[in-house]
2 protein chains.
Amino acid sequence: MTLQDVAREAGVSAATASRALNGSTRNVQSDNVSRVLAAAARLGYVPHVSAQATAKGSIPTVALVVSDVADPYFSSIAVGIIDAAEAGGLVVTMTVADRSPEREVQLVRTLRGQRPQIIIIAGSRINDTDTRGALIDELKQYRAAGGRVVLISQPELPFPTVAIDNVDGARLLARELAGAGYRRLCIIHAPHRIRTSYDRYTGFVTGLEESGISMDANFAMETEFTRSGGYEAARELVERGLRNIELIFAVNDAMALGVMSALRDAGLVPGRDVAVAGFDDISSAVDVVPALTTVTVPLRTAGLEAMRLALADDDAAGEAGIPTVWIPTAVRLRESTPPVSGRLITVR
Amino acid sequence: MTLQDVAREAGVSAATASRALNGSTRNVQSDNVSRVLAAAARLGYVPHVSAQATAKGSIPTVALVVSDVADPYFSSIAVGIIDAAEAGGLVVTMTVADRSPEREVQLVRTLRGQRPQIIIIAGSRINDTDTRGALIDELKQYRAAGGRVVLISQPELPFPTVAIDNVDGARLLARELAGAGYRRLCIIHAPHRIRTSYDRYTGFVTGLEESGISMDANFAMETEFTRSGGYEAARELVERGLRNIELIFAVNDAMALGVMSALRDAGLVPGRDVAVAGFDDISSAVDVVPALTTVTVPLRTAGLEAMRLALADDDAAGEAGIPTVWIPTAVRLRESTPPVSGRLITVR
DNA sequence: TTGAAAGCGATACCAC
DNA sequence: GTGGTATCGCTTTCAA
């Protein structure tokens, strides 16, 4: 069933049928419009998107690249993007970069071939200079061909960006925890190459220092950015002796859940023997016992904002530089970090 | 950068360039092949997928329709599909039906327009006769145009299907729980229209009956198929009195987590005051305390199998009827359902 | 093996 | 308003 068939059935030319179906209905006689519509319905006509695309140059979709589908972090962002895209009549296609910068670059190449109207990349940028250049290159070519690029959570690339305020969230969390009386802490983080982890790490350290707590008395451990990474780190920690550690901050909730699990397996009670805090506020954070203190990130909002940036006409913002929207985060104190008794007074 | 540009740069015709780049490299002189490849690389050429699609008729993608992106159930399936698709050189695009049958039909229409090679629908089929017909119709048209359809977890539509053995999983769970000594139970389920919920419900009841436990002594509550649905149902249950209920079975883990949360909020300890069991074995099931007894569903496998079905040449299976792959499930007994002391002997 | 040319299905410019 | 026609970028006969 092609446009030709519909046109014939309706007794008009292909041009008119095209106008009635997709183009500006304004300049078509209303009875012709209805005749075409009826014919299309009768024949079960569905426009051939690829043909439209070859003719028009682009396809009404937004291509979303995420690091990992199964991660609620990304699926929450996806929800926001999908909601906003649907409102704009765009279809969202999701592809997975699997946390590999090379794969990310290669995916963008592939996606370019699909000529989507928008490419949104959500993921923790890995500080990898080689691929960084290649990615920028690929995206610039895409933009030169009329595409729009928006990045989520990876600032410092020359494209409109929705940035999660990881530094400040971690900073405030540290201050709250210091305020609750914690003094001896351990930070479990991923390699500093992973930007999100690094930002949360530095933010947390800053917050501690602002509260008069020097990192000398405390320490950090590097591990993988996953639940099992958190588990392993905590297991190692317990094995070599907790040495009065009062609280473990893991740079994301998945890791924090791993930490809790390791503590329990070692016969310790999280929140009583050792406090635990995370970052992200994923849904399990409230289901775990004790409920996990964390920093909530409005991910759906981040997705919506990304679409807003993508659809904004940036001629206006053009001269103001690269638009960056900062998504604020908020601390959620829960039972996994009870106030340290007798210390509350010492907070300043 | 079009194929023409590459052809010119390589000093060959567009036809040859096309053959070298995509078609059968066999029938092109090897030095021409390398010259074209080099030119393409130099120019940063990316094939225009839509143009290829208009010429060839279909696009090398698999369109995946899920009910909800944020639900780990679907994202796990997606992981399997993506892995298998990548191995076959196909790109996966995901769209969300938002648990609405109407939306599902409409999406399939839209997707048909994209001419993907494969459409996979993953979702709990809702027993809705109106849309059922429309969906079948749409899919048949798609198939008539050369597309391949695979359904996940919604048997009884005339297409190849990957079916999760919900009935049997729930049945075995019920038997295990009966074996552990539970006698007075409550089943919290979604409306029977939702097939997955219904199957798990009936499977569980069957399992109880096989263990000599009649439903007369027990009862069921209907609620939403979500965490908050579970929460509300359990809250209501507690409010009107638990009346010796020993165990609550929620037809999925999200609901079970809601149940646990409601119990805790009511001052009860899940697993001690009331046992709780779920279905799906989502990742939080092991993080929650006590760890949740549930039924594990190998969702990634389901995704892989779906792709296998899609890629299988079904001329072979053609006469054997509609291929259906059953994905087995397995009971995971954990701390949320400790054996009922003193009753173990009564099990038969 | 290669190139010329005819589609693929739709859009858009340009006369009428 | 409407129809004819060039065009989009690529694939694929069909001859050579």
Side-chain angles (χ1 to χ4, degrees), chain A residues 1-37 39-40 43-61 110 112-117 141-142 145-147, chain B residues 1-37 39-40 43-61 110 112-117 141-142 145-147:
Chain A
M1 290 299 104
T2 75
L3 185 63
Q4 306 292 340
D5 299 321
V6 176
R8 196 178 316 118
E9 174 90 1
V12 298
S13 75
T16 302
S18 171
R19 284 187 278 253
L21 253 15
N22 309 303
S24 44
T25 317
R26 282 236 173 290
N27 328 314
V28 181
Q29 234 169 9
S30 66
D31 59 326
N32 265 343
V33 173
S34 45
R35 203 173 310 137
V36 170
L37 259 39
L43 270 46
Y45 167 77
V46 180
H48 192 305
V49 178
S50 293
Q52 294 188 24
T54 43
K56 290 212 267 221
S58 80
I59 210 170
T61 63
T110 309
R112 278 217 290 141
Q114 325 228 36
R115 306 291 195 278
Q117 269 168 28
Q141 289 201 50
Y142 169 67
Chain B
M1 288 301 103
T2 74
L3 185 64
Q4 305 292 343
D5 300 321
V6 176
R8 196 178 316 119
E9 174 90 2
V12 298
S13 75
T16 301
S18 171
R19 285 188 275 253
L21 252 17
N22 311 302
S24 44
T25 318
R26 283 233 174 292
N27 329 313
V28 180
Q29 234 167 12
S30 66
D31 59 324
N32 266 342
V33 173
S34 45
R35 202 173 309 136
V36 170
L37 260 36
L43 269 46
Y45 167 76
V46 180
H48 193 305
V49 178
S50 293
Q52 296 191 123
T54 45
K56 288 215 267 225
S58 80
I59 210 170
T61 63
T110 310
R112 276 217 291 140
Q114 323 227 37
R115 304 291 193 282
Q117 268 167 27
Q141 290 201 49
Y142 168 68

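Each chain gets a letter, A, B and so on, in the order its sequence line appears, and its residues count up from 1.
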Worksheet entry | Minimum heavy-atom distance B/Ala14-B/Gln4, with the two atoms named | CB-OE1, 3.8 Å
Discussion item. Under the rule for side-chain contact (heavy atoms from CB on, under 4.5 Å), what residues qualify as partners of A/Ser18, not counting sequence neighbours?
Written reply: A/Leu3
Fill in: Closest non-hydrogen atom pair between A/Gln52 and A/Pro47, with its separation
NE2-CB, 2.7 Å
Response to the item:
Contact string for nucleotides 7-16 of chain C, one letter per nucleotide 5' to 3', B = base within protein heavy-atom range under 4.0 Å, S = sugar-phosphate only, - = neither, reads BBBBBBB---
Worksheet item: Quick one: side-chain hydrogen bond (donor to acceptor under 3.5 Å, both in side chains) partners of A/Asn22, sequence neighbours excluded?
Response: none
Worksheet, complete the sentence: Rounded to 10°, the helix from C/dT1-D/dA16 to C/dC16-D/dG1 deviates from straight, judged by its five-pair end axes, by 40°
Worksheet item: Tell me: CG of B/Asn27 to C1' of C/dG3, nearest whole Å?
Response: 14 Å
Fill in: Closest heavy-atom pair and its distance - A/Tyr142, A/Arg112
CB-CD, 3.5 Å
Fill in: N/O (side chain, B/Asn32) to phosphate O (OP1/OP2, C/dT2) under 4.0 Å
yes
Practice prompt. Check side-chain contact (heavy atoms from CB on, under 4.5 Å) between A/Leu37 and all other residues, then give those that pass, not counting sequence neighbours.
Written response: A/Leu21, A/Val33
Discussion item. Reading DNA chain D from 5' to 3', where do the contacts with chain A start and stop? Cut-off is 4.0 Å to heavy atoms.
Written reply: D/dG1 to D/dC8
Discussion item. According to side-chain hydrogen bond (donor to acceptor under 3.5 Å, both in side chains), who are the partners of B/Ser13, at least two apart in sequence or on a separate chain?
Written reply: B/Thr16
Item to complete: Write down the atom of A/Glu9, the atom of A/Ala39, and the distance for their closest heavy-atom approach.
Response: CG-CB, 3.5 Å
Item to complete: Would you mind reporting whether B/His48 and A/Thr54 have side-chain heavy atoms less than 4.5 Å apart?
Response: yes
Fill in: Pairing residues for B/Asn27 by the side-chain contact (heavy atoms from CB on, under 4.5 Å) criterion, not counting sequence neighbours
B/Ser24
